[in-house]
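Residues take their numbers from the sequence shown, with the count starting at 1.
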Amino acid sequence: QVQVAESGGGLAQAGGSLRLTCITSGLTRDDFEDYAMGWFRQTPGSEREFVACISYSGVSMDYADSVNGRFTISRDNLQKTVFLQMNNLKPEDTAMYFCAGGVGMMLLKQGQIKFRGQGTQVTVSA
């Protein structure tokens, strides 16, 4: 059973930065490298929103227009970990952020999630 644990959320001021970390367990390194990984966010009463995803190799990335140029996704396959560096934060970035794995970037971006974590809260004040 795959387990996902996110951390790094918290309170930040507009223009500030946070770095989210997603640690997976229950997967071998080879298994982890079979999955594209991504970050999604959700606020109460709203639908889940795609934020960013990264290919199994870490070579290709894709971002939502709303975060492109401000957020950077990366992964460490040896540690089975995924990161989301968030810079120049805006109040509209406030949400619960969760990490997820899927079979391929395109499917993951479309919401075809194979496993996910519970999330970490990010709150950005104006």
Side-chain angles (χ1 to χ4, degrees):
Q1 183 179 357
V2 181
Q3 294 183 323
V4 179
E6 302 95 337
S7 62
L11 179 64
Q13 291 186 332
S17 299
L18 287 172
R19 180 177 172 87
L20 305 185
T21 299
C22 164
I23 299 175
T24 65
S25 58
L27 287 169
T28 66
R29 176 184 170 185
D30 286 345
D31 288 340
F32 181 74
E33 291 179 355
D34 285 340
Y35 293 101
M37 296 296 296
W39 290 91
F40 294 80
R41 65 188 183 187
Q42 191 167 19
T43 56
S46 298
E47 292 189 357
R48 179 180 65 204
E49 177 187 6
F50 165 77
V51 175
C53 64
I54 188 167
S55 64
Y56 69 94
S57 65
V59 172
S60 300
M61 288 79 79
D62 193 10
Y63 298 92
D65 290 342
S66 59
V67 307
N68 198 20
R70 299 187 297 121
F71 291 10
T72 302
I73 187 171
S74 60
R75 66 189 290 164
D76 182 338
N77 285 344
L78 185 62
Q79 300 296 326
K80 298 178 286 184
T81 300
V82 185
F83 305 97
L84 185 68
Q85 178 67 43
M86 305 186 296
N87 297 329
N88 191 19
L89 283 162
K90 302 177 180 181
E92 51 263 43
D93 294 321
T94 295
M96 180 69 76
Y97 285 70
F98 67 90
C99 175
V103 183
M105 290 176 61
M106 183 177 296
L107 290 175
L108 182 60
K109 184 177 180 180
Q110 294 172 351
Q112 299 293 318
I113 293 172
K114 292 295 185 182
F115 53 86
R116 56 162 289 180
Q118 294 299 308
T120 183
Q121 177 68 36
V122 171
T123 302
V124 183
S125 61

Residues Gly104 and Ala36: closest non-hydrogen pair is C-CB, 3.6 Å

For Ala12 and Leu89, which heavy atoms make the closest approach, and how far apart are they? CB-CD1, 3.8 Å

Testing Asp76, Leu84, Val82, Thr81 one by one against Thr21 for a side-chain contact (heavy atoms from CB on, under 4.5 Å), which residue passes? Thr81

Using only atom types and a distance under 3.5 Å, with no angle test, would you say the side chain of Tyr56 pairs donor to acceptor with the backbone of Asn77? no

Spell out, yes or no, whether Tyr63 and Met106 are grouped together once hydrophobic residues are joined by side-chain heavy atoms under 4.5 Å, including indirect joins. no

For the hydrophobic clusters of this structure (ILVMFWY residues joined by side-chain heavy atoms under 4.5 Å, transitively), does one cluster hold both Val4 and Tyr35? yes

Between Lys80 and Thr24, is any pair of side-chain heavy atoms under 4.5 Å apart? yes

Considering all heavy atoms of both residues, which atom of Gln121 and which atom of Ala95 are nearest to each other, and what is their separation? NE2-O, 3.4 Å

Can you list, by chain and residue number, the hydrophobic cluster partners of Val59 when the side-chain cut-off is 4.5 Å? none

When clusters are formed by joining ILVMFWY residues with side-chain heavy atoms under 4.5 Å apart, either directly or through shared neighbours, do Val51 and Phe115 land in the same one? yes

Contacts satisfying side-chain hydrogen bond (donor to acceptor under 3.5 Å, both in side chains) that involve residues 83-100 (not counting sequence neighbours) are Ser17-Asn87, Arg41-Asp93, Arg41-Tyr97, Arg70-Asp93, Gln85-Asn87

Please report the closest heavy-atom contact between Arg48 and Gln42, naming both atoms and the distance. N-NE2, 3.6 Å

Excluding sequence neighbours, so at least two apart, what forms side chain to side chain donor-acceptor pair (under 3.5 Å) with Thr43? Ser46

Quick one: salt bridge (charged side-chain N to carboxylate O under 4.0 Å, His left out) pairs with a partner in residues 19-32, sequence neighbours left out? Arg29-Glu33

Closest non-hydrogen atom pair, Cys53 against Met105: SG-CE, 3.7 Å

Mind jotting down which residue pairs meet the side-chain hydrogen bond (donor to acceptor under 3.5 Å, both in side chains) criterion with at least one end in residues 100-114? Sequence neighbours excluded, please. Asp62-Lys109

Cluster overlap Leu20 with Met61, hydrophobic side-chain contacts below 4.5 Å: yes

Look up atom OG in Ser125 and atom CD in Gln13, then write down how far apart they are to the nearest 0.5 Å. 5.0 Å

Fellow cluster residues of Ile113, listed by chain then number, with links counted only when side-chain atoms sit under 4.5 Å apart: Phe40, Phe50, Phe98, Leu108

Do Leu27 and Met37 sit in one hydrophobic cluster, given that two such residues count as connected whenever their side-chain heavy atoms are within less than 4.5 Å of each other, even indirectly? yes

